[in-house]
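Sharing a structure with you now.
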Amino acid sequence: MAIQRISTGIPGLDSLLEGGFKRNSINLIAGGAGCGKSIFAMQFLVDGLKKNEPAIYITFEEKKKKFYEDMAEFGWDLEKFEKTGKFVFLEYTPEQVKKILTEGGGIVESIIEKIKARRIVIDSITSFTLLYEDELEKKEADLTLFELIDKWNCTGIMTSQDESRDGHTISAAVEFEVDGIIMLYHAKKKGVRVRALEVLKMRGTKISPKTIAMDITPKGVVVYPKKVVEM
Ligand SMILES: Nc1ncnc2c1ncn2[C@@H]1O[C@H](COP(=O)(O)OP(=O)(O)O)[C@@H](O)[C@H]1O
Ligand SMILES: [Mg+2]
């Protein structure tokens, strides 16, 4: 059976992924602070919302008012989407998410069912993982979260705070469990920061070995698939 693809909503990126994310896959967007993870994740949801695919954004990092303001800069009216009942923004503490896990879905599951969410973002998995000190506990929590998302039939993005260049700080359980990993870079070259993107992993997809130029424009994240960046 042919793999069903869902657009990432990022101009230039789908062509690198044989058409986009796999439907119902969970994808990690990893990178350092300010490299564009939250914008990327929201852009993926806005793409869905424009196609009438309801979406939910769960965050431990962003404050709603500020986030809505920042996203309005890209022409994304999140308040409007919220009013149509197709978009929910959840500002959650990691403890609240912990509760969802122990309740096997809890309030998040009822919201997802109510709005019939097809796309989900968790920003970030790093803050969530930091809740657990014990490695085994951490792994179990990650797996429970993955099982839930799987059950919800959504295509998902998780962001991961990662300052290292080769992705070694991503929790091992998450790295193996996700269907895809995309690294975002904002690296200094000769005194100037350059943005770039690299697809590290994408199940069922032939990926490019190249690190590609990326930019954050007035319309959001844009990728230039033909422009290779020397890192
Ligand atoms: N309207 C905008 N136009 C261009 N670049 C922007 C705009 N808003 C934010 N940025 C860039 O995006 C960065 C923040 O991106 P964000 O997705 O919040 O990063 P992360 O979530 O990876 O920490 C800012 O530091 C800035 O460089
Ligand atoms: Mg962020």
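We number each residue from 1, following the sequence as shown. We count ligands from 1, going down the list as the structure has it; atoms in each ligand are counted the same way.
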Seminar exercise, completed: Nearest heavy-atom approach of Q43 to V221 is OE1-N, 2.6 Å
For this session: Could you tell me whether the side chain of Q4 and the main chain of R23 form a donor-acceptor pair under 3.5 Å?
Result: no
Exercise. Taking the six-membered ring of Y132, is the NZ or CZ of K98 close enough (under 6.0 Å from the centre) and on axis enough (within 45°)?
Worked result: yes
Problem set entry | Identity and distance of the protein heavy atom lying nearest atom 8 (N) of ligand 1 | F74 CZ, 3.7 Å
For this session: Give the single entry among R195, R193, M42, M71 that approaches atom 26 (C) of ligand 1 most closely by any heavy atom.
Result: R195
Problem set entry | Pair K99 + E103: basic N to acidic O under 4.0 Å | yes
For this session: State which residue, out of D70, T159, D123, fulfils the side-chain hydrogen bond (donor to acceptor under 3.5 Å, both in side chains) condition with S38.
Result: D123
Seminar exercise, completed: Quick note on ligand 1: atoms under 4.0 Å from a heavy atom of E73 include exactly 1 (N)
Seminar exercise, completed: For H186 and C35, the nearest pair of non-hydrogen atoms, with its separation, is CB-CB, 4.0 Å
Exercise. Within the stated cut-off of 2.8 Å, is an N/O/S atom of S38 closer than that to the Mg ion (ligand 2)?
Worked result: yes
Problem set entry | Protein residue, atom and distance nearest to atom 15 (O) of ligand 1, heavy-atom basis | I39 CD1, 3.4 Å
Exercise. Which option out of D162, I216, T59 puts a heavy atom nearest to atom 11 (C) of ligand 1?
Worked result: I216
Exercise. Are Y68 and E79 close enough that a side-chain donor and a side-chain acceptor fall under 3.5 Å?
Worked result: no
Exercise. Does even one non-hydrogen atom of A33 get within less than 4.0 Å of ligand 1?
Worked result: yes
For this session: Please confirm whether K37 comes within less than 3.5 Å of ligand 1 when only nitrogen or oxygen atoms on both sides are compared.
Result: yes
Exercise. Should G36 be counted as touching ligand 1, given the test is an N or O pair under 3.5 Å?
Worked result: yes
Exercise. For F44, is the NZ or CZ atom of R119 found under 6.0 angstrom from the centre of its six-membered ring and inside 45 degrees of the ring axis?
Worked result: yes
Problem set entry | Option with minimal heavy-atom separation from atom 25 (O) of ligand 1, where the choices are G34, P218, S38, A72 | G34
Exercise. So is there a nitrogen or oxygen of F40 less than 3.5 Å from a nitrogen or oxygen in ligand 1?
Worked result: no
For this session: Please confirm whether G32 comes under 4.0 Å of ligand 1, counting heavy atoms of the residue only.
Result: yes
